[in-house]
Undergrad: 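Before we start, here is the structure in question, set down as structure tokens.
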Amino acid sequence: MTRDSSERLERAIAAVSAVFDPEIPTVSIADLGMVRAVRMAADGAIEVDLTPTYSGCPATEPIAREVRAALEAAGVGPARVNWVLSPPWTTDWITEEGRKALRACGIAPPPRRAEANAPVPCPHCGSEDTEELAPFGSTPCKALWRCRSCREPFHRFKCL
Amino acid sequence: MTTIHIEETPHLCAVLRLADTSLVLAHRLSEWCGHAPMLEEDLALANIALDLLGQARLLYQHAAELEGKGRTEDDFAYLRDAPQFRNYLIAELPRGDFAFTIVRQTLVSAFFHPFWQRAAGSRDATLAAIAAKAEKEVAYHLRHCGAWLVRLGDGTEESHRRTLAALDALWPYTGELFEVDAVGRAMIDAGVLPDPETIRPVFEATVDRLLREATLPKPPATWMHSGGLRGVHTEHLGHMLAVMQHLQRAYPGAVW
């Protein structure tokens, strides 16, 4: 790869990594584990593989639009966005950075799948004395919980 | 009024059966939006509908690829009439009361969870990928609706009575889930879809466990409805499509 093209690829990765989830604007799609690959295709185009979270998540289309816009703004030349279904997205792909960002905006991050029944600490006060109010919430990825210590309700990222 | 004609190969027909079932059931669930007995269930039913709608879209996109005539998911959803729909009849029945919706969603999820699990090993790579996603989503639906089934069955006298009535009304529609016609046989032989007979023991075990907890008697073996897979539908589907397709029929090609 020439220096020019590796520099293009780096700029593309930076641009894609800076796209945030429209529903959870403090978490980037890279930290959510939605960016599966950014590569230079044989024809010289930048190719981005994204994976959807939930099959029906309405944020999917705006995210693809924003990725295309980010690549264009970064001036990386011809670029393509592919949706890749397999292997299916799992919350285990959310990075540590992403988990921190979720907590910071009041959303309890999902447990690792292997520890799906671990206690759910309140993202506001840290207490583990919490309970589920409803297994579904305002977006496909979240459930409604409340803290019995600080009495605050909060969203919890569902474990998938 | 534009209606598209699809030349269905067995493979295309099999994918349309799954897509249509997901779409029609998603629409029935979405009818609860703003009408559910409580806010949390309004969100739950809308979210389950959204998952099914997402699965339907992926399946229609796959159908469009298989057909290879440049159609989109919207063409399949909006420009076919009832006899061209291939969904299981259980999906199209009117939503009924909350008990009816919960019993239907539990029965359908109890079938589709093991179905998608097995379909994730399909020789059709796209279908396998869709199945692997759907399996995880349906597991969550089954957990939620199963818990409600127990709560309603083992609840008040009225909730028990309504849940039992729903179960008796819906049970004769479960036989179709296990039907294998020539299309089904071809897909099983080609390794595209699982044989429903391998799903039956899992389905029965789930249903038996939930009904026991819900203090509901299992309906006796009975005559089973059939027809959806070959386009012979109940009177309800046409009415549902009239609502669902109205905008595209009235304003062809409208987008937003």
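Convention: sequence-line order gives letters A, B, ...; per-chain numbering from 1. All of these numbers come straight from a predicted model, not from anything done at the bench.
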Undergrad: Looking only at non-hydrogen atoms, find the nearest pair between B:L50 and A:P58 and report the distance.
TA: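 For B:L50 versus A:P58, the nearest heavy atoms are CD2-CD, 3.8 Å.
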
Undergrad: Has the side chain of B:D51 got a donor or acceptor atom that lies under 3.5 Å from a matching backbone atom of A:Y54?
TA: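 Such a contact is absent between B:D51 side chain and A:Y54 backbone.
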
Undergrad: To the nearest 0.5 Å, what is the distance between CD on B:E40 and CD on A:E132?
TA: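 If we round to the nearest 0.5 Å, B:E40:CD and A:E132:CD are 10.5 Å apart.
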
Undergrad: Highest number of heavy-atom pairs under 4.5 Å with chain A: which of B:T126, B:L58, B:L53?
TA: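 Of the options given, most contacts go to B:L58.
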
Undergrad: So for A:T51, is it side chain, backbone, both, or neither that comes closer than 4.5 Å to the heavy atoms of chain B?
TA: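 Answer is neither: A:T51 stays 4.5 Å or more from chain B.
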
Undergrad: Give a yes or no on whether the backbone of A:P52 and the side-chain of B:K133 come within a donor-acceptor separation of less than 3.5 Å.
TA: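 Yes: the side chain of B:K133 pairs with the backbone of A:P52.
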
Undergrad: Against chain A, label B:I130 side chain, backbone, both or neither, depending on which of its atoms sit under 4.5 Å from a heavy atom there.
TA: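 Both parts, heavy atoms under 4.5 Å.
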
Undergrad: Under 4.5 Å, heavy atom to heavy atom: which of residues 143-151 of chain A reach chain B? Give them by number, or say none.
TA: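 Interface residues of residues 143-151 of chain A: A:A143, A:L144.
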
Undergrad: According to ring pair (Phe, Tyr, Trp, His ring centres under 6.0 Å), who are the partners of A:F20, at least two apart in sequence or on a separate chain?
TA: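 Ring pair (Phe, Tyr, Trp, His ring centres under 6.0 Å) list for A:F20, sorted by chain: empty.
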
Undergrad: Select all residues of residues 10-18 of chain A having any heavy atom within less than 4.5 Å of some heavy atom of chain B, and report them by number, or 'none'.
TA: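 Against chain B, none of the residues of residues 10-18 of chain A fall inside the cut-off of heavy atoms under 4.5 Å.
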
Undergrad: Please output the residues of residues 85-106 of chain A in contact with chain B, using a heavy-atom cutoff of under 4.5 Å, in numerical order.
TA: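 Within residues 85-106 of chain A, the residues that come under 4.5 Å of chain B (heavy atoms only) are A:L85, A:S86, A:P88, A:W89, A:T90.
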
Undergrad: Can you check whether B:R143 reaches A:P135 side chain to side chain, under 4.5 Å on heavy atoms?
TA: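 Heavy-atom side-chain distance check fails, nothing below 4.5 Å.
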
Undergrad: Can you tell me how the ring of B:Y140 sits relative to the ring of A:F136, calling it parallel under 30°, perpendicular over 60° and tilted otherwise?
TA: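 Answer is perpendicular, since the angle exceeds 60°.
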
